[in-house]
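Worksheet for the structure shown next.
Just so we're on the same page: letters track the sequence lines, and every chain starts at 1.
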Number of protein chains: 2
Amino acid sequence: MLMTRNCRFAVAVHVTALLGTMAPQPCTSEWIAGSVNTNPVVVRRILSALAKAGLVSSTRGSTGGSILAKAAERITLLDIHRAVAEDETPALHNQPPNPACPVGRNIQSVLIRVMDRAEAAKEAVLATTTLAEVVGALRNEA
Amino acid sequence: MLMTRNCRFAVAVHVTALLGTMAPQPCTSEWIAGSVNTNPVVVRRILSALAKAGLVSSTRGSTGGSILAKAAERITLLDIHRAVAEDETPALHNQPPNPACPVGRNIQSVLIRVMDRAEAAKEAVLATTTLAEVVGALRNEA
DNA sequence: CAAAAAGAAACTGACTCTGTTACATAATGC
DNA sequence: GCATTATGTAACAGAGTCAGTTTCTTTTTG
């Protein structure tokens, strides 16, 4: 499979949708990994990021597992995106442009302005969809 | 430098802004590379993608170089983005999810719907800015 | 205390990307 | 014609990213 970027957001939505579907039953990373079709450690890495963002909570031990930390109606896809892709800022130049050139000296500030606006528009769309809506859509398709 | 994604879009805007600033004078990849602070071959790769999209045109030989193929007013940042980042679709799962699970069976179609909407919103912002506006902004800051 | 689960560290293989070298192709001016 | 200059392109290396895996520790239950 040729995937350009990382698939953490896709897995994170999948994981939280599972938790929302099974609530209030906690799910183990091994069981979740069976649906996502990956390794339990990969799932735990995603769950760890989601927990840091306050979206899920996990407990250890023989009856342990993970559950949503908030109602699915109060979790948006933007929350999930920020939890697992927080430092994915759009890339500028690898090397700083030539400051002796008028274009090189100022291009990055212009680029940052427009990229920030574009990213904000993308995030605004993600903010309009709640996890509850995703869970509902999955129920309807199933 | 820790850059998450590729910097082709940033370089492409830089290159076309240079061409717009210097028009109608053609620019060599070596001279452009001096402003971008990279290797001429890197610039030529970007120029090649931009030429395929009909945004620039290059000529060889001792008086050769590259120029914009259209007026800067008629080139948007979306044109440039599509020229150099055409196949950068948001990533889904690496492995297909488990089709025996109701969530796994349908999560990707739901994800594609919302990701497409988010990507469209981002592109709409890029479409609102023309290369001429970028060149003008650079002139004002210089 | 045994079993079961998360948490975390370390490593691997595949892939991406920039930068680089080398060479072929084409156009200009003498 | 021919040297010069520039693009076009292929091939490769080094750094970095990422999913997947193994291994071990920590925590909780019964």
Just the table, please: protein N/O against nucleotides 11-13 of chain D N/O, every pair under 3.5 Å.
{"residue": "D:dA11", "atom": "N6", "partner": "B:Arg45", "partner atom": "NH1", "Å": "3.4"}

[N] [atom2] sits how many Å from [X] [atom1], rounded?
{"X": "A:Asn39", "N": "C:dC11", "atom1": "CG", "atom2": "P", "result": "18 Å"}
{"X": "A:Trp31", "N": "C:dA5", "atom1": "CH2", "atom2": "P", "result": "13 Å"}
{"X": "A:Arg44", "N": "C:dA4", "atom1": "CZ", "atom2": "P", "result": "14 Å"}
{"X": "A:Ile32", "N": "C:dA5", "atom1": "CD1", "atom2": "C1'", "result": "12 Å"}
{"X": "A:Ile46", "N": "D:dC18", "atom1": "CD1", "atom2": "C1'", "result": "11 Å"}
{"X": "B:Ile67", "N": "D:dT7", "atom1": "CD1", "atom2": "P", "result": "13 Å"}
{"X": "A:Phe9", "N": "D:dA19", "atom1": "CZ", "atom2": "P", "result": "14 Å"}
{"X": "B:His93", "N": "D:dA19", "atom1": "NE2", "atom2": "P", "result": "12 Å"}

Could you tell me whether the side chain of [Y] reaches within less than 4.5 Å of the side chain of [X], counting heavy atoms only?
{"X": "B:Ser57", "Y": "B:Ile67", "result": "yes"}
{"X": "A:Val125", "Y": "B:Lys122", "result": "no"}
{"X": "A:Leu131", "Y": "A:Thr76", "result": "no"}
{"X": "B:Leu77", "Y": "B:Val134", "result": "yes"}

When you match A:Thr38 and B:Gly61 each to their closest nucleotide on DNA chain D, which lands nearer the 5' end?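 Per heavy-atom nearest nucleotide, the more 5' residue is B:Gly61.
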Would you mind checking if A:Glu141 and B:Arg105 are paired as a salt bridge, meaning a charged N to carboxylate O distance below 4.0 Å?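 No, this pair does not count.
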Any luck finding a side-chain donor-acceptor pair between A:Gln108 and A:His93 under 3.5 Å?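 A pair is found: one side chain offers a donor N or O, the other an acceptor, under 3.5 Å apart.
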Quick check: on DNA chain C, is the nucleotide nearest A:Ser48 upstream (toward 5') of the one nearest A:Ser62, or the reverse? Name the residue that is more 5'.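 Looking at DNA chain C, the more 5' nearest nucleotide goes with A:Ser62.
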Heavy atoms only, 4.0 Å cut-off, all strands: where does B:Ser66 land among base, sugar-phosphate and nothing?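 The answer is nothing, as B:Ser66 stays clear of every strand by at least 4.0 Å.
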Taking only the side-chain nitrogens and oxygens of A:Asn94, find out if one of them lies under 4.0 Å from OP1 or OP2 of C:dT18.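 No, outside the criterion.
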With a cut-off of less than 4.0 Å, is there a side-chain N or O of A:Thr28 near OP1 or OP2 of C:dA5?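 It does not, given that no N or O in the side chain of A:Thr28 lies less than 4.0 Å from OP1 or OP2 of C:dA5.
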State whether the side chain of B:Glu133 and the backbone N or O of B:Thr130 hold a donor-acceptor pair below 3.5 Å, judged by distance alone.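 Judged by distance alone, yes, a pair lies under 3.5 Å.
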Which nucleotide, D:dG8, C:dA6, D:dA19, lies nearest any side-chain atom of B:Ser58?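 Given the options D:dG8, C:dA6, D:dA19, the side chain of B:Ser58 is closest to D:dG8.
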Measure distances between side-chain N and O atoms of A:Arg60 and base N and O atoms of D:dT28, and say whether any donor-acceptor pair falls under 3.5 Å.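 Donor-acceptor pair under 3.5 Å: no.
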